[in-house]
Amino acid sequence: MTDYLKKIEPTDVRFLIDLSEIKEMVQLMLGNLKEHLQVELGFDKIEDSYNTTIVRLLINLKENNVLTNEQHMELLDKGFSAGDEPFKNGDQVLYNIFGHDYSIISVTKDEDGDFITIEMPYEAFKNR
């Protein structure tokens with residue numbers, strides 16, 4: 001890095017993340033429960049009343065086997081649920097990775113797969 005670059009402090013940091021990388025992180029977060037769950041990722045685009053497109057990460061956790069009550073409680077303790085809350089699961093994963101200060105600013109689809117671009121303030125990045 002040049003001396004000139006060291007004099008500049010960025011305001012935001014952006015991450016281009018392949019959804020397969022997020023899937024790997026989800027499996028790490030699930031720990032031993034990953035053996036019992038199928039992880040499906042996607043995203044939803046919602047246009048608000050100001051014509052701004054909001055992107056939400058969807059993480060659907062489907063049971064391969066019926067989970068025991070103990071396993072359900074462990075899943076809930078990790079902040080996840082199986083079946084019907086893909087938005088909540090997506091929010092939880094991104095919170096676990098980035099904290100509160102992040103925004104999904106775009107989604108890119110190409111022959112290499114689906115990617116999301118996440119932006120967060122540099123100060124929040126520096127303090128994580």
Side-chain angles (χ1 to χ4, degrees):
M1 193 179 317
T2 67
D3 289 334
Y4 299 110
L5 191 55
K6 292 178 185 173
K7 296 176 189 269
I8 301 170
E9 181 143 326
T11 56
D12 295 316
V13 177
R14 289 188 178 178
F15 301 88
L16 179 65
I17 305 173
D18 187 323
L19 287 188
S20 66
E21 292 175 300
I22 292 180
K23 186 174 184 175
E24 289 173 15
M25 291 182 213
V26 170
Q27 290 171 333
L28 285 172
M29 291 175 197
L30 290 172
N32 293 333
L33 292 175
K34 73 180 177 194
E35 317 268 327
H36 305 286
L37 297 164
Q38 179 181 343
V39 179
E40 296 175 356
L41 276 78
F43 56 86
D44 193 17
K45 291 182 179 182
I46 305 162
E47 195 165 307
D48 69 9
S49 59
Y50 301 102
N51 291 331
T52 302
T53 301
I54 299 168
V55 179
R56 298 279 308 270
L57 180 65
L58 301 169
I59 299 178
N60 213 351
L61 301 175
K62 294 184 178 180
E63 296 179 36
N64 292 334
N65 316 322
V66 176
L67 296 177
T68 66
N69 284 341
E70 198 173 274
Q71 290 167 328
H72 270 290
M73 293 309 294
E74 184 180 350
L75 187 63
L76 292 172
D77 287 344
K78 292 175 184 281
F80 299 112
S81 67
D84 58 352
E85 297 187 39
F87 287 116
K88 179 182 173 272
N89 291 335
D91 292 344
Q92 183 65 43
V93 166
L94 293 178
Y95 171 77
N96 289 352
I97 298 168
F98 298 102
H100 289 290
D101 298 315
Y102 73 88
S103 298
I104 300 175
I105 59 172
S106 69
V107 174
T108 307
K109 290 179 144 220
D110 65 20
E111 61 275 353
D112 293 328
D114 296 342
F115 298 84
I116 58 174
T117 302
I118 295 184
E119 182 177 84
M120 68 185 303
Y122 177 70
E123 284 299 314
F125 170 74
K126 203 166 72 172
N127 295 328
R128 283 285 294 157

Under 3.5 Å, side-chain donor or acceptor atoms of residues 41-49 against the rest of the protein: list the pairs with distances, not counting sequence neighbours.
unit_1	atom_1	unit_2	atom_2	d
D48	OD1	Y50	N	2.9
D48	OD1	N51	N	3.3
D48	OD1	T52	N	2.9

Which atom pairs, donor and acceptor, lie under 3.5 Å between side-chain atoms of residues 90-107 and protein residues at least two apart or in another chain?
unit_1	atom_1	unit_2	atom_2	d
D91	OD1	R56	NH2	3.4
D91	OD2	R56	NH2	2.7
Q92	NE2	N96	OD1	2.9
S106	OG	T117	OG1	3.2

Quick one: side chains of residues 15-26, donor-acceptor pairs under 3.5 Å with protein atoms, not counting sequence neighbours, listed by atom name and distance.
unit_1	atom_1	unit_2	atom_2	d
D18	OD1	S20	N	2.8
D18	OD1	S20	OG	3.1
E21	OE1	D18	N	2.9
K23	NZ	V39	O	3.3

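Residue pairs that meet the side chain to side chain donor-acceptor pair (under 3.5 Å) test with at least one member in residues 68-81, sequence neighbours left out, are H36-Q71, T68-Q71. The salt bridge (charged side-chain N to carboxylate O under 4.0 Å, His left out) analysis of residues 106-127, with sequence neighbours excluded, yields the pairs E9-K126, R14-E119, E123-K126.
Under a 4.5 Å side-chain heavy-atom criterion applied to ILVMFWY residues, the cluster that includes L76 comprises M73 as well. Grouped by direct or indirect side-chain proximity (heavy atoms under 4.5 Å, Ile/Leu/Val/Met/Phe/Trp/Tyr only), F87 sits with L58.
Note that the CE atom of M120 and the CG atom of N127 stand 9.0 Å from one another [nearest 0.5 Å]. Atom CE of M29 sits about 7.5 Å away from atom CD1 of I59, to the nearest 0.5 Å. To the nearest 0.5 Å, atoms CG (L37) and CG (N60) are separated by 10.5 Å. Note: N64 CG to L33 CG = 11.5 Å, rounded to the nearest 0.5 Å.
In this structure, the side-chain hydrogen bond (donor to acceptor under 3.5 Å, both in side chains) partners of Q38, at least two apart in sequence or on a different chain, are E40.
Few gaps surround NZ on K88; more than 12 heavy atoms of other groups in view lie less than 6.0 Å from it.
Residues Y122 and V13 have side chains in contact (heavy-atom distance under 4.5 Å, counting atoms from C-beta outward).
Hydrophobic clustering of Ile, Leu, Val, Met, Phe, Trp and Tyr side chains at less than 4.5 Å, counting indirect connections, unites L57 with L30.
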